Amino acid sequence: MGHLRPEVRFLRKLLLAALTAGVMRGTVYAHERAVWGIDNNVSIAYRLTDLHYVEPSDTCALAVCTNAPQSSYFDRESGYVNGFRASLSGLVLGGRMYARLTYDRVSGNVRYEGYTQDGTPIPNGVSGAIISSYGLRLGAAFYDGPVMAAPFLQYGHHAWRRQIGVGTTQAYEEDYHHDYVALGALIQVALTRRLVGSIYAAAGQTLNPTIAVAALGFSQGLGAAPLVKAGASLDLRLSRWLGLYAAVRYTRFSYGQSAPQQSGNLVIMEPQSNTVIADYEGGLRVFF
């Protein structure tokens, strides 16, 4: 066979380059569609929550300085509780706006370490915990091939029903509540046509934090403080309608000290506290 003429070789190379570019561009379009499609869903997931709560104190603030040894905390709780998380999310207004609504609830027992009213140490107590929250995100959505970025505003509510002294005759409940508002950003990357990775971070402020202890007739506002949230997730699309996902989430916030309140023969005050929550979840998504 003879050699191909130069113009034929050139046309063949041009055709090959066009086909290669088309395949690559098709892959980008497929990845872009994966990002667009992953956020239009209803999801339900199992959640495992790792709670860490501490009231840092030298015990003097609660008038037990002479009854208890000096300590870096008045009481603290830690442990894992189980529950669920449900969410509804979507890209609306032609994909230009990102919106998400969530609700979660977990419950169980955690380890309690602290002191009685007379200063006696409680090294291995048990507390019950019911933690629930809801949140709403709204933000603009920006795309660049397989990547989506969405700066957002988030508003939410957090509630913690704390039962101290589970299994004892001195058991009683404390109810904590706060709203919050935060600014954050979500970034999603389509790793393949079916696999999308997401990360987010947000910072804001707690609003209207309160504590109520019905058994003691105690109810006071707490000091507002900064709040931070962050997380990452991985979505696997199984079909047009179904997908699986796994996520890890982090939340940190504080409460300021309450004003003292007379309750019978007692003067009660809630000290400053810090809370760190790590959530691990895996669940099912239904796309629309």
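Each residue takes its place number in the sequence, starting with 1. Since the structure is predicted, the reported quantities are computational estimates derived from the model, not experimental observations.
- S132 and Y103 make their closest contact through CB-OH, 4.0 Å (heavy atoms, listed as atom of the first residue, atom of the second, distance).
- Of all non-hydrogen atoms in I130 and S107, the two that sit nearest each other are CG1-CB, 3.9 Å.
- Put simply, the side chain of R285 does not reach to within 4.5 Å of the side chain of L242, judged on heavy atoms.
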Start with the C-alpha gap between Q220 and Q261, add the side-chain angles, then the distance that decides, and say whether side chain to side chain donor-acceptor pair (under 3.5 Å) holds.
-> CA-CA 8 Å; Q220 286 290 330; Q261 178 182 318; 2.9 Å; yes

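- Side-chain atoms of L222 and S258, non-hydrogen and from C-beta on, do get closer than 4.5 Å to each other.
- The six-membered or imidazole ring of F253 lies near that of H178, with a centre-to-centre distance under 6.0 Å.
- Ring geometry for Y155 against Y134 counts as tilted: the plane angle lies between 30° and 60°, on a 0 to 90° scale.
- Ion pairing between D279 and K229 fails under the 4.0 Å rule for side-chain N and carboxylate O.
- Using a 4.5 Å cut-off on side-chain heavy atoms (C-beta onward), T251 and V276 make no contact.
- Put simply, V267 and V213 are part of two different groups of oily side chains (I, L, V, M, F, W, Y) that touch within less than 4.5 Å, one to the next.
- For the pair I277 and H158, the minimum side-chain heavy-atom distance is below 4.5 Å.
- Taken to the nearest 0.5 Å, the CD1 atom of I187 stands 10.0 Å off from the OG atom of S198.
- For F218, the CZ atom sits in a packed shell: over 12 heavy atoms of surrounding residues, nucleotides or ligands are nearer than 6.0 Å.
- In this structure, a donor-acceptor pair under 3.5 Å is present between the side chains of S127 and E77.
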Any chance you could lay out the side chain to side chain contact (heavy atoms under 4.5 Å, CB included) test for Y112 and V126, step after step, and finish with the verdict?
-> CA-CA 5 Å; Y112 174 88; V126 176; 5.9 Å; no

Can you check side chain to side chain donor-acceptor pair (under 3.5 Å) on N82 and R47, steps first, answer last?
-> CA-CA 6 Å; N82 301 273; R47 167 170 280 193; over 6 Å; no

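- The same ILVMFWY cluster, assembled from side-chain heavy atoms under 4.5 Å apart, contains both Y180 and V106.
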Take R100 and Q154, measure what side chain to side chain contact (heavy atoms under 4.5 Å, CB included) needs, and give me the verdict at the end.
-> CA-CA 9 Å; R100 192 197 68 173; Q154 182 167 340; 4.2 Å; yes

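- Y80 contributes atom OH, which lies 6.5 Å from atom CG of L48 (distance to the nearest 0.5 angstrom).
- A donor-acceptor pair under 3.5 Å links the side-chain atoms of S239 to the main chain of W241, judged by distance alone.
- Residues V110 and S78 approach most closely at CB-O, 3.4 Å, considering heavy atoms.
- Proximity of a side-chain donor or acceptor of R194 to a complementary backbone N or O of R237 within less than 3.5 Å is detected.
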For the pair V181 and L207, evaluate side chain to side chain contact (heavy atoms under 4.5 Å, CB included) and give the outcome as yes or no after the intermediate values.
-> CA-CA 8 Å; V181 62; L207 304 172; 4.1 Å; yes

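- The side-chain tip of R137 points at the ring of F152 from less than 6.0 angstrom away and within 45° of straight on.
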Please step through side chain to side chain contact (heavy atoms under 4.5 Å, CB included) for the pair L183 and L153, ending with a clear verdict.
-> CA-CA 5 Å; L183 289 173; L153 174 67; 3.7 Å; yes

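- If you chain together hydrophobic residues whose side chains sit under 4.5 Å apart, I211 and L216 fall into the same group.
- Annotation: side chain of N41 is in contact with side chain of S89 (closest heavy-atom distance under 4.5 Å).
- In this structure, OG1 in T210 is found 8.0 Å from CG in N208, a value given to the nearest 0.5 Å.
- Contact annotation: the side chain of L88 approaches that of F288 to within less than 4.5 Å [non-hydrogen atoms, C-beta and beyond].
- A heavy-atom distance below 4.5 Å is not found between the side chains of F142 and M148.
- Contact check on R249 versus E281 returns a salt bridge, with a Lys/Arg side-chain nitrogen under 4.0 Å from an Asp/Glu carboxylate oxygen.
- The closest side-chain heavy-atom distance from D75 to E113 is not below 4.5 Å.
- No side-chain donor-acceptor contact under 3.5 Å links D175 and H177.
- When atom types are taken as modelled, the side chain of N40 and the backbone of L91 share a donor-acceptor pair closer than 3.5 angstrom.
- Taking a cutoff of 4.0 Å between a charged side-chain nitrogen and a carboxylate oxygen, R162 and E173 do not qualify as a salt bridge.
- Side-chain atoms of Y200 never come within 3.5 Å of backbone atoms of S233 as a donor-acceptor pair (strictly under, hydrogens ignored).
- The closest side-chain donor-acceptor pair between Y255 and E55, if any, does not fall under 3.5 angstrom.
- S254 and N274 make their closest contact through OG-OD1, 2.8 Å (heavy atoms, listed as atom of the first residue, atom of the second, distance).
- Across A232 and I199, no two heavy atoms sit closer than the pair CB-CG2, 4.0 Å.
- Taking A246 as the reference, nothing meets the side-chain contact (heavy atoms from CB on, under 4.5 Å) condition, with sequence neighbours excluded.
- Both L236 and L234 belong to a single network of hydrophobic side chains, linked directly or stepwise wherever heavy atoms of I, L, V, M, F, W or Y lie under 4.5 Å apart.
- Side-chain polar atoms of Y98 and D39 form no donor-acceptor pair below 3.5 angstrom.
- L238 and L195 fall within the same hydrophobic cluster, where Ile, Leu, Val, Met, Phe, Trp and Tyr residues are linked whenever their side-chain heavy atoms come under 4.5 Å apart, directly or through other members.
- A pairwise comparison of heavy atoms in I38 and F287 identifies O-CE2, 3.7 Å as the closest pair.
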